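This report concerns only the one structure given below.
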Protein chains: 2
Amino acid sequence: MNFVFNERDGCSKCPIRHRAVCARCDEDELAILEGMKSYRTFEQGETIIWRGDDLHHISSVVAGSASLSRTLEDGRTQVVGLLLPSDFIGSPGRKAVEFDVTAITDVTLCRFERKAFERLVSDVPHISQRVMEMALDELSAAREWMVLLGRKTAREKIATFIEMVVRRDTAPIHQDQHHTLPFTREEIANFLGLTLETVSRQLSLLKKDGVLAFVGRREFTILDLAALRDATGDDADGSVIV
Amino acid sequence: MNFVFNERDGCSKCPIRHRAVCARCDEDELAILEGMKSYRTFEQGETIIWRGDDLHHISSVVAGSASLSRTLEDGRTQVVGLLLPSDFIGSPGRKAVEFDVTAITDVTLCRFERKAFERLVSDVPHISQRVMEMALDELSAAREWMVLLGRKTAREKIATFIEMVVRRDTAPIHQDQHHTLPFTREEIANFLGLTLETVSRQLSLLKKDGVLAFVGRREFTILDLAALRDATGDDADGSVIV
DNA sequence: CATAGAGTTTGATCTGGGTCAAGGTTGTTG
DNA sequence: CAACAACCTTGACCCAGATCAAACTCTATG
């Protein structure tokens with residue numbers, strides 16, 4: 001599962017640090033992009049775009065992280081994706097966003113005028129190839145997450161989430177290493193399709209069972225990696241097929 | 001929501017009826033594809049590929065429908081996508097499938113040797129553009145489905161499913177029109193993250209409430225479209241943002 | 001047209017996780 | 001450093017949907 005944390009070896013030569021766009025750092029393309037771009041920042045918690053808003057720009061996250069989510073009329077909300085540096089908001093061919101985009105941390109965006117960006121996509125082949133690859137990656141991650149949302153128990157959901165957080169920090173994973181939860185209990189709940197109380201209870205249980213140890217609310221250590229893996233409900237080998 | 005039923009106006013000139021591949025029906029490209037392709041059929045219920053199997057071929061569905069699903073060790077299964085004519089099994093850059101692919105009806109596939117297909121994708125720009133568009137469409141559909149799996153009640157899930165089935169048949173939807181459920185109760189359950197008993201009960205309730213009328217197990221009519229829409233839990237206007 | 005078997009419905013009961021409510025921590029601001 | 005506001009934990013209770021079980025209804029097949 002690489003829902004959250006794709007390999008993101010942004011190109012250092014490129015001012016917008018965009019693998020999709022600057023995979024080969026062609027100077028002409030960069031020049032075009034240079035002329036198009038503008039920056040904008042958002043504070044933690046701020047809504048970047050509401051579902052249905054017109055997309056005048058295609059943006060890419062330069063720094064920080066944001067969530068894609070949908071809220072039903074009565075307030076139930078489900079996070080359907082996370083945006084990290086190099087991810088796009090908006091995509092060629094779409095005039096409006098389908099989900100609310102909210103800043104999880106302070107966020108800096110690099111924006112391009114949509115029409116110009118679309119022209120670039122249709123003119124420069126390797127850009128659509130990169131967008132294709134990104135979309136396919138996110139598609140499998142989303143499907144993987146559908147299994148979690150549809151069929152996993154609360155404990156399995158939490159264990160899977162913890163494993164995902166840990167995998168971001170260090171691969172290969174080993175025990176007795178220090179990690180930090182990137183979200184509040186409520187955000188975790190909206191991500192996993194649970195309530196914040198259930199998240200809290202399940203984390204307490206993992207602590208009681210000697211799987212995790214907490215130092216404060218967000219900082220933790222894995223005491224029993226095998227037990228954690230076991231609790232995810234995934235295949236024993238934890239195989240991530242890519 | 002167009003998870004199941006994308007617009008699929010396959011090009012009639014192209015023998016493989018593939019919008020992604022033959023969007024402009026370039027004769028040379030078609031000739032290349034002609035030479036590559038082979039056909040294979042599967043019977044209803046047959047497994048087309050198991051998760052983890054090597055993908056020697058990229059296939060496209062020519063006729064019939066198939067499901068993408070994952071089954072946990074104890075037998076819980078979640079359907080994460082449906083494949084209809086023009087959809088692909090396998091994608092450029094992936095050596096193995098991440099989900100089980102099962103024939104829902106009898107299925108005919110048109111297969112291409114993977115390496116050759118990948119070459120075509122990187123050589124012919126408009127192919128990666130089409131694959132990109134398809135992947136982006138499926139990505140939003142998958143995310144939409146994540147909201148359903150994570151946050152909707154059984155009744156809302158069923159109502160959303162019925163509305164989706166109906167939207168495939170006729171747009172605009174109107175009442176007193178005849179429709180057919182494409183799956184068994186168990187398949188619906190695995191699609192919605194429910195048990196088959198709950199699916200059956202909720203369908204009975206919709207019948208009792210005068211929303212639907214059944215003729216046999218699979219054939220039904222909508223008696224109260226407004227009530228159905230209302231039961232989906234989606235925004236009143238039922239807006240599908242694309 | 002009898003029979004089998006898959007698919008479905010319905011009932012009875014159980015339970016995981018939601019809801020409501022009360023405190024407890026941590027960290028921030030005047 | 002007091003006091004407030006987020007954030008988190010824990011308890012008590014409840015209910016939607018799961019589970020277990022039985023019977024019903026198609027459809028297919030010999």
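These numbers come from a predicted model, not from an experiment.
Contact of A:Arg217 with D:dC7 (side chain to base): a donor-acceptor pair of N or O atoms is detected under 3.5 Å.
Between the side chains of B:Glu219 and B:Thr180, at least one donor N or O lies within less than 3.5 Å of an accepting N or O. Counting only N and O atoms by type, the side chains of B:Thr105 and B:Gln44 include no donor and acceptor under 3.5 Å apart. B:Ser140 and A:Arg94 are linked by a side-chain donor-acceptor pair at a separation below 3.5 angstrom, with hydrogens and angles left out of the test.
Comparing the start and finish of the helix from C:dC1-D:dG30 to C:dG30-D:dC1, five pairs each, the helix axis swings through 40°, to the nearest 10 degrees.
Side-chain atoms of A:Val147 and A:Arg143, non-hydrogen and from C-beta on, never get closer than 4.5 Å to each other.
Using a 4.0 Å heavy-atom cutoff across all strands shown, B:Gly45 reaches no nucleic acid atom at all. Within the 4.0 angstrom heavy-atom criterion, only backbone atoms of the sugar-phosphate kind lie near A:Arg218; the bases stay farther away.
A heavy-atom distance below 4.0 Å to DNA chain C is reached by these residues of residues 197-212 of chain B, ordered by number: B:Glu197, B:Ser200, B:Arg201, B:Ser204.
Side chain of A:Thr195, nearest nucleotide from C:dT9, C:dT19, C:dG17: C:dT19. Of the candidates C:dG17, C:dT8, C:dT19, the closest approach to any side-chain atom of A:Ala154 belongs to C:dG17.
Across all non-hydrogen atoms, the minimal contact from A:Glu144 to B:Phe99 is N-CZ, 3.8 Å.
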